[in-house]
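Because only heavy atoms are used, hydrogens play no part in the values below, and waters and symmetry mates are left out as well, while side chains stay in.
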Amino acid sequence: MSSMEQQPEPAPELYRPGRWIALSVLVLAVLLVAVDATVLGLATPFLSEDLEPTATQLLWIGDIYSFVIAGLLVSMGSLGDRIGRKKLLLCGATAFGAVSVLNAYANSAEMMILARALLGVAGATLMPSTLALIRNLFHDPRERSLAIGIWGAMASAGAAVGPVVGGFLLEHFWWGSVFLINLPVMAVLVVVGIKMIPESKNPAPGPWDVASVGLSLVGIIGVVYAIKELAAHGVSWEVALSGVGGALALVWFVRRQFRLPAPLLDMRLFHHRGFSGAVLADLLTILGLSGLVFFLSQFLQLVQGRGPLEAGLAELPAAIGAVTAGLLAGTTARRFSVRVVVTGGLGAIGLALAAVAAVHKDTAYPLIGALLLVVGVGAGFAFTVTSDVILSSVPKEHAGSASAVSETAYELGAALGIALLGSIVTSVYQDFTAPAGTPPDVASAAHESLGGAVEASAALPEHQATDLVSAAQDAFVHGLGLASSIGAAVLLATAVAAWFLLRGQELEEGIVHD
């Protein structure tokens with residue numbers, strides 16, 4: 001009780017009666033984004049058939065959202081600190097719902113890529129506000145850990161709800177309907193949020209530096225684009241120009257932050273070893289996972305022949321494991337230690353991904369389900385604890401910027417994972433040899449994507465079609481295995497790094513501010 005009495009804020013703010021109701025509204029925003037991300041994977045085979053994207057366009061549809069959101073998160077987190085996080089959250093939710101309609105009715109691959117980019121802009125205004133508002137709603141460390149656990153659990157629940165609801169919609173409606181499920185969630189968030197969520201912002205924020213906004217956007221997108229193109233097509237002058245230009249913009253951004261009296265992002269946060277270690281763990285964990293998740297729905301549908309709803313249900317163990325672990329993470333980390341829980345979670349994911357490399361066309365579901373459960377438990381422990389560490393490492397007036405760093409690591413990891421691991425899957429897949437006698441136009445369509453191979457085979461005699469699809473499936477599974485092996489190596493290396501970087505870190509501790 002004495003520690004509570006030392007706090008400068010009055011008691012009603014410390015233990016606001018409606019804080020748990022406010023939390024329930026905040027996690028709707030997380031649910032919104034998680035559902036949107038997961039249903040895209042299920043919709044990919046249908047989207048491929050309708051819009052006929054090339055393999056490169058298909059990857060852009062998958063990762064342009066993450067590219068844009070990663071480039072804007074730091075800027076939008078800082079904007080929320082300045083104009084108010086509630087205001088930014090509600091504006092972002094409204095825009096997210098509106099742009100979802102554009103995604104649903106996209107009629108070409110190019111329009112779909114543009115719609116996903118705009119969704120990234122809306123998502124960037126939405127995501128930093130959720131964790132920042134949690135930091136300002138819950139001042140008691142144990143309550144905050146539980147709130148962050150619920151936040152993470154709802155993100156995982158979105159991963160569960162998305163495939164199941166999306167699978168149902170895909171079996172009864174057209175693929176665009178999976179984006180329209182955002183609208184009722186957005187409506188509830190806005191209507192209830194206006195009344196229940198308290199506003200919070202930095203009382204002395206300083207000006208919003210537009211030059212820093214531009215540098216962070218150009219820098220992150222330039223670097224991520226260069227990595228994606230390098231993985232997919234090798235070295236070229238365009239890749240070099242993009243990578244060097246992006247790196248220079250980021251260096252300029254960092255130097256500018258040190259000189260500004262009110263920086264867009266306080267770079268001194270990274271001097272805290274726990275903060276830096278947690279951010280690194282977030283980024284590399286998502287990098288290892290995202291490529292696998294992006295292609296797993298295609299494996300379950302196009303390789304093992306499951307329907308969309310069945311594929312969605314098949315992915316439930318990962319979400320169940322993540323929800324359970326997320327709710328237990330704070331208590332477990334206090335009983336053992338932050339580094340034990342985070343390292344153990346990362347190691348579990350790495351070993352599960354290594355086992356995924358041995359999966360083949362005829363692998364029985366119990367093994368796949370068990371691996372997904374392990375991945376979910378590991379992710380639930382690691383993400384919840386690292387998010388707690390990041391938030392507790394900063395004063396509450398900078399919660400938006402810190403949340404944005406956490407979210408940027410997440411989205412940047414997702415973009416890099418889909419770009420690098422996805423490009424590995426695509427590269428291996430496109431090297432498969434079509435059976436003798438396959439018409440050139442059919443072979444060309446089959447090499448674009450696995451969905452393209454299944455569709456193109458319909459024009460062939462039955463035995464030829466079976467041989468073509470079988471060869472394409474074998475190549476896809478081989479690529480998935482190679483990508484999973486690389487993801488496993490990344491996760492196990494991250495686990496070792498986290499063991500050292502998080503040494504002595506405890507959830508109750510934070511940076512001491514004068």
Check: Nearest 0.5 Å, what's the CG-CD1 distance between Leu114 and Ile64?
Finding: 9.5 Å

Next item on the list: Say whether, by atom type as modelled, one donor and one acceptor occur between the side chain of Tyr429 and the main chain of Gly479 under 3.5 angstrom.
Entry: no

Notebook entry, point to check: Just wondering, do Leu183 and Val101 contact through their side chains at under 4.5 Å, heavy atoms?
Noted result: yes

Note to self: Let's go through Phe179 and Val99 carefully: what are the C-alpha distance in whole Å and the side-chain angles of both, what is the deciding distance for side chain to side chain contact (heavy atoms under 4.5 Å, CB included) to 0.1 Å, and is it a yes or a no?
What the structure shows: CA-CA 9 Å; Phe179 295 104; Val99 178; over 6 Å; no

Check: Around atom CZ of Phe173, are there more than 12 heavy atoms of other residues, nucleotides or ligands at under 6.0 Å?
Finding: no

Note to self: Could you go through Tyr365 and Glu310, starting from their C-alpha distance and side-chain angles, then the distance that decides it, and tell me whether this counts as side chain to side chain contact (heavy atoms under 4.5 Å, CB included)?
What the structure shows: CA-CA 12 Å; Tyr365 176 72; Glu310 186 184 357; over 6 Å; no

Check: Does Trp499 offer a backbone N or O that forms a donor-acceptor pair with the side chain of Arg339 under 3.5 Å?
Finding: yes

Margin query: Set out, in order, the CA-CA distance, both residues' side-chain angles and the distance that settles side chain to side chain contact (heavy atoms under 4.5 Å, CB included) for Leu302 and Phe476, then state yes or no.
Written below: CA-CA 10 Å; Leu302 299 176; Phe476 183 88; over 6 Å; no

Check: Do the side chains of Val477 and Val359 get nearer than 4.5 Å, heavy atoms only?
Finding: no

Notebook entry, point to check: Closest approach of Ala124 and Met76, non-hydrogen atoms and distance?
Noted result: O-CB, 3.1 Å

Notebook entry, point to check: Ala147 and Ile134: which non-hydrogen atoms are nearest, and at how many Å?
Noted result: CB-CG2, 4.0 Å

Check: Taking all atoms of both residues into account, what is the closest heavy-atom pair of Ala281 and Thr386, and its distance?
Finding: CB-CG2, 4.1 Å

Margin query: Centroid separation under 6.0 Å, is that true for the rings of Phe270 and Phe275?
Written below: yes

Note to self: For Val469 versus Ala453, what's the shortest heavy-atom pair and its separation?
What the structure shows: CG2-O, 4.3 Å

Margin query: Could you measure the distance from the CD atom of Glu143 to the CG atom of Leu23? Nearest 0.5 Å is fine.
Written below: 10.5 Å

Next item on the list: Check whether any side-chain N or O of Asp474 sits under 3.5 Å from a backbone N or O of Ala471 as a donor-acceptor pair, and report yes or no.
Entry: no

Notebook entry, point to check: With distance as the sole test, does Thr125 use its side chain to make a donor-acceptor pair with the main-chain N or O of Ala122 at under 3.5 Å?
Noted result: yes

Next item on the list: Can you see which heavy atom on Gly176 is nearest to which on Ala104, and at what distance?
Entry: O-CB, 3.1 Å

Notebook entry, point to check: Taking the side chain from Ser24 and the backbone from Ile21, do they hold a donor-acceptor pair closer than 3.5 Å?
Noted result: yes

Next item on the list: Measure the spacing between OG1 of Thr324 and CG of Leu373 and express it to the nearest 0.5 Å.
Entry: 8.0 Å

Item checked: Side-chain (Thr332) to main-chain (Leu328) donor-acceptor, under 3.5 angstrom -> yes

Notebook entry, point to check: For the atom pair CG (Leu26) and CZ (Arg85), what is the distance rounded to the nearest 0.5 Å?
Noted result: 12.0 Å

Note to self: Would the distance check show the side chain of Thr363 and the main-chain N or O of His360 forming a donor-acceptor pair, the cut-off being under 3.5 Å?
What the structure shows: yes

Next item on the list: Answer whether the closest heavy-atom distance between the side chains of Ser177 and His172 falls below 4.5 Å.
Entry: no

Margin query: If we ignore hydrogens and angles and just use 3.5 Å, is the side chain of Asn103 paired with the main-chain N or O of Ala115 as donor and acceptor?
Written below: yes

Notebook entry, point to check: Any donor-acceptor pair under 3.5 Å linking the side chain of Gln304 with the backbone of Phe299?
Noted result: no

Next item on the list: Answer yes or no: is there a side-chain heavy-atom contact under 4.5 Å between Phe96 and Leu119?
Entry: yes

Next item on the list: Rounded to the nearest 0.5 Å, what's the gap from CG on Leu502 to OG1 on Thr343? Could you check?
Entry: 6.5 Å

Check: Does a side-chain heavy-atom distance below 4.5 Å link Leu351 with Val374?
Finding: no

Notebook entry, point to check: Can you name the closest pair of heavy atoms from Ala475 and Val428 and give their distance?
Noted result: O-CG1, 3.8 Å

Check: Which distance, rounded to the nearest 0.5 Å, do you find between the CD of Gln473 and the NE2 of His478?
Finding: 15.5 Å

Note to self: Could you go through Leu327 and Ile150, starting from their C-alpha distance and side-chain angles, then the distance that decides it, and tell me whether this counts as side chain to side chain contact (heavy atoms under 4.5 Å, CB included)?
What the structure shows: CA-CA 6 Å; Leu327 294 175; Ile150 294 170; 3.8 Å; yes

